[in-house]
Novice: 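First, the structure itself, so that you have it in front of you.
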Amino acid sequence: MQYKSTRDDSINVSASQAILKGLAPGGGLFVPESVPELGITLSELSGMDYKQTAYEVMKLFLTDFTEEELRGCIERAYDSKFDTDVIAPLVKAGGAYYLELFHGKTIAFKDMALSILPHLLTTSAKKNGIKDEIVILTATSGDTGKAALAGFADVPGTRILVFYPKGGVSPVQELQMVTQKGGNVRVVGVNGNFDDCQSAVKRIFEDESFASFMKEKGFVFSSANSINIGRLVPQIVYYVYAVAQLFKEGYIEEGDKVNITVLTGNFGNILAAYYAKRMGLPIGKLICASNENKVLFDFFESGVYDRNREFILTTSPSMDILISSNLERLIYHIAGDDAKKTAELMTSLKTGGKYEITADMKARLEDFTGEYASMEETGAKIKSLYEDTGYIIDTHTAVAGFAYDKYVKETGDKTKTVIASTASPYKFMKSVLTAIDPSYAGKADLDLADDLSKLSGVDIPAAISEIRDAKVLHDRVYDKEKLDEAVRDFLS
Ligand SMILES: *Cc1c(COP(=O)(O)O)cnc(C)c1O
């Protein structure tokens with residue numbers, strides 16, 4: 001399997017090279033030259049545990065890894081760092097199946113991919129004879145940062161620098177990051193929003209003077225952002241696993257379809273579901289849920305992607321995004337794997353902040369439907385699900401939950417549905433608890449852990465108890481125009 005660039009047909013690299021580079025030269029994203037067939041039945045899959053499923057899926061994409069290398073990466077990733085052997089449990093509640101993707105070290109779904117990425121990356125470096133130290137440069141809207149820090153901390157041959165929007169992440173998210181230990185880590189607050197952080201990372205990656213500075217010093221950049229196929233491929237695994245579990249439990253039969261609802265920020269998670277469907281997994285609709293930054297909802301409605309709008313800070317901060325980077329891969333595929341067309345649209349996004357797809361392309365979006373939830377609707381979903389079932393979900397999952405309810409109301413579609421549950425309610429305690437009872441508003445976020453534990457019957461996860469009295473180790477803040485300097489400072 002070779003990987004091509006969404007913007008340049010002449011590029012052709014192996015999986016390990018695509019993982020190492022992160023972003024293709026010229027700013028495109030790597031895409032598989034074709035989508036492989038799953039080639040295994042639900043009945044066979046239903047007898048496999050998470051790690052076996054991961055191997056079956058990932059081997060189809062990472063074809064230049066040996067079996068030993070790939071199994072080694074999987075073993076080291078999905079171990080006791082997760083608080084359940086199942087890795088990604090399915091919980092039936094309120095007429096849907098919540099796929100809990102938050103049982104890793106940082107209690108958000110980013111752990112699913114970032115637990116394995118460092119191993120894929122260091123294995124790729126070895127395979128390609130790379131001796132330079134790998135520098136991970138990452139922009140985060142909250143959850144990627146900590147998950148990447150936890151994954152890379154003290155991994156030999158790597159360093160990691162994380163940019164987060166100062167004031168644009170939750171107090172728990174910020175504390176998780178600024179208390180990160182490790183000799184190879186740095187966390188920087190940015191006076192700007194997530195898009196400013198992400199644009200700076202892209203710019204630095206493409207900057208040639210930076211490239212020569214890096215070479216001189218014996219460093220090479222890579223990315224832990226969801227644009228890296230080393231993040232995307234491991235995310236396909238849990239959709240395959242979830243559908244196999246539904247089959248195993250007798251909720252679906254051979255021939256049935258499953259809808260998937262994913263709350264979407266950078267479009268990585270839902271894109272993985274799209275690939276799973278194209279591999280032959282019996283998926284029906286892909287319901288793309290947005291918060292009030294509903295640029296994707298509008299895109300699915302109109303075929304126009306327009307980022308020229310107010311940026312809204314919501315109670316689901318990990319989705320406060322106006323440029324969904326991974327959408328570029330979908331654009332490329334619906335254009336018929338046309339790099340020239342994709343490059344043209346991405347140029348108009350860069351210069352004018354918007355683009356419009358053709359009628360042919362729009363017709364190929366029929367698998368998708370967009371929905372969105374306001375902050376009020378998000379809170380109402382948390383409250384009603386809790387009151388009806390006792391199950392407590394976080395604000396991000398609640399956006400998806402509300403979007404799913406709305407979809408069912410509009411269409412009457414009764415297909416069994418998996419909702420990606422992307423964060424533990426412990427990560428957004430204040431928003432979650434005040435949705436249930438406004439009288440929690442007076443308490444500080446971290447002081448609410450005991451209340452949430454009592455209400456939900458779920459023990460306080462280690463990720464929260466650890467930061468309650470940890471020391472702040474990172475307090476640097478840079479202006480958004482000065483992020484080049486932040487990188488040079490870190491590497492000098
Ligand atoms: C990152 C994140 C999302 C968005 O996922 P994308 O892959 O960027 O679409 C949603 N919810 C939570 C909790 C996240 O951390």
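Note that ligands are numbered from 1 as they come in the structure, with each ligand's atoms numbered from 1 the same way.
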Novice: Decide yes or no on side chain to side chain donor-acceptor pair (under 3.5 Å) for Thr140 and Thr138, but give the supporting numbers first.
Specialist: CA-CA 6 Å; Thr140 184; Thr138 285; over 6 Å; no
Novice: Restricting to non-hydrogen atoms, name the atom on Leu296 and the atom on Thr264 that form the minimum distance, rounded to 0.1 Å.
Specialist: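 Heavy atoms of Leu296 and Thr264 come nearest at CD1-CG2, 3.4 Å.
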Novice: Output the list of atoms in ligand 1 that are nearer than 4.0 Å to some heavy atom of Gly268, sorted by atom number.
Specialist: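 Once the distances to Gly268 are compared, the set is 6 (P), 7 (O), 9 (O).
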Novice: For Gly265, is at least one N or O under 3.5 Å away from an N or O on ligand 1?
Specialist: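 In this structure, Gly265 places an N or O atom under 3.5 Å from an N or O of ligand 1.
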Novice: Which protein non-hydrogen atom lies closest to atom 6 (P) of ligand 1, naming both residue and atom, and how far is it?
Specialist: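 In this structure, atom 6 (P) of ligand 1 has Asn266 N, 3.5 Å as its nearest protein heavy atom.
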Novice: How does Phe267 reach ligand 1, if at all, at less than 4.0 Å between non-hydrogen atoms: by side chain, backbone, both, or neither?
Specialist: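 It is the backbone that touches ligand 1; the side chain stays farther off.
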Novice: Relative to the heavy atoms of Ala423, which atoms of ligand 1 are at a distance of less than 4.0 Å?
Specialist: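 Once the distances to Ala423 are compared, the set is 13 (C).
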Novice: Report yes if some N/O of Thr422 lies less than 3.5 Å from some N/O of ligand 1; otherwise report no.
Specialist: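 Checking ligand 1 against Thr422, an N or O pair does fall under 3.5 Å apart.
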Novice: Got the closest protein heavy atom to atom 7 (O) of ligand 1, with its distance?
Specialist: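 Looking at atom 7 (O) of ligand 1, the protein heavy atom closest to it is Asn269 N, 2.9 Å.
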Novice: Would you confirm whether Lys146, through its side chain, and Glu174, through its main-chain N or O, come within 3.5 Å as a donor-acceptor pair?
Specialist: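 Judged by distance alone, no pair lies under 3.5 Å.
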Novice: For Lys4, is there an ion pair with Asp337 - N to carboxylate O distance below 4.0 angstrom?
Specialist: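 Result for this pair is no, no salt bridge flagged.
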Novice: Check ligand 1 against Thr264 and write out every atom of the ligand that is under 4.0 Å from a heavy-atom position of the residue.
Specialist: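 Within the 4.0 Å cut-off of Thr264, ligand 1 contributes 9 (O).
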Novice: Please could you name the atoms of ligand 1 that Asp143 approaches to less than 4.0 Å, counting only its heavy atoms?
Specialist: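 So the atoms of ligand 1 that pass are 12 (C), 13 (C), 14 (C), 15 (O).
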Novice: Can you say whether the rings of Phe368 and Phe300 are parallel (under 30°), tilted (30 to 60°) or perpendicular (over 60°)?
Specialist: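 Because their plane-to-plane angle is under 30°, the rings of Phe368 and Phe300 count as parallel.
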Novice: Compute the shortest N/O to N/O distance between Phe428 and ligand 1 and return yes if it is under 3.5 Å, no if not.
Specialist: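 Not met; the criterion fails.
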Novice: Quick one, Lys202 with Glu206, criterion salt bridge (Lys or Arg N to Asp or Glu O under 4.0 Å). Give me CA distance, side-chain angles, the key distance, then yes/no.
Specialist: CA-CA 6 Å; Lys202 281 193 159 183; Glu206 290 168 38; over 6 Å; no
Novice: Which one holds for Lys110 and ligand 1: side chain close, backbone close, both close, or neither close, with close meaning a heavy atom under 4.0 Å?
Specialist: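 Looking at Lys110 and ligand 1, just side chain atoms fall under 4.0 Å.
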Novice: Between Phe82 and Ser115, is there a side-chain heavy-atom distance shorter than 4.5 Å?
Specialist: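 SC-SC contact between Ser115 and Phe82 confirmed.
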Novice: Is any side-chain heavy atom of Gln180 closer than 4.5 Å to one of Leu473?
Specialist: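 In short, these two side chains do not touch, never coming nearer than 4.5 Å.
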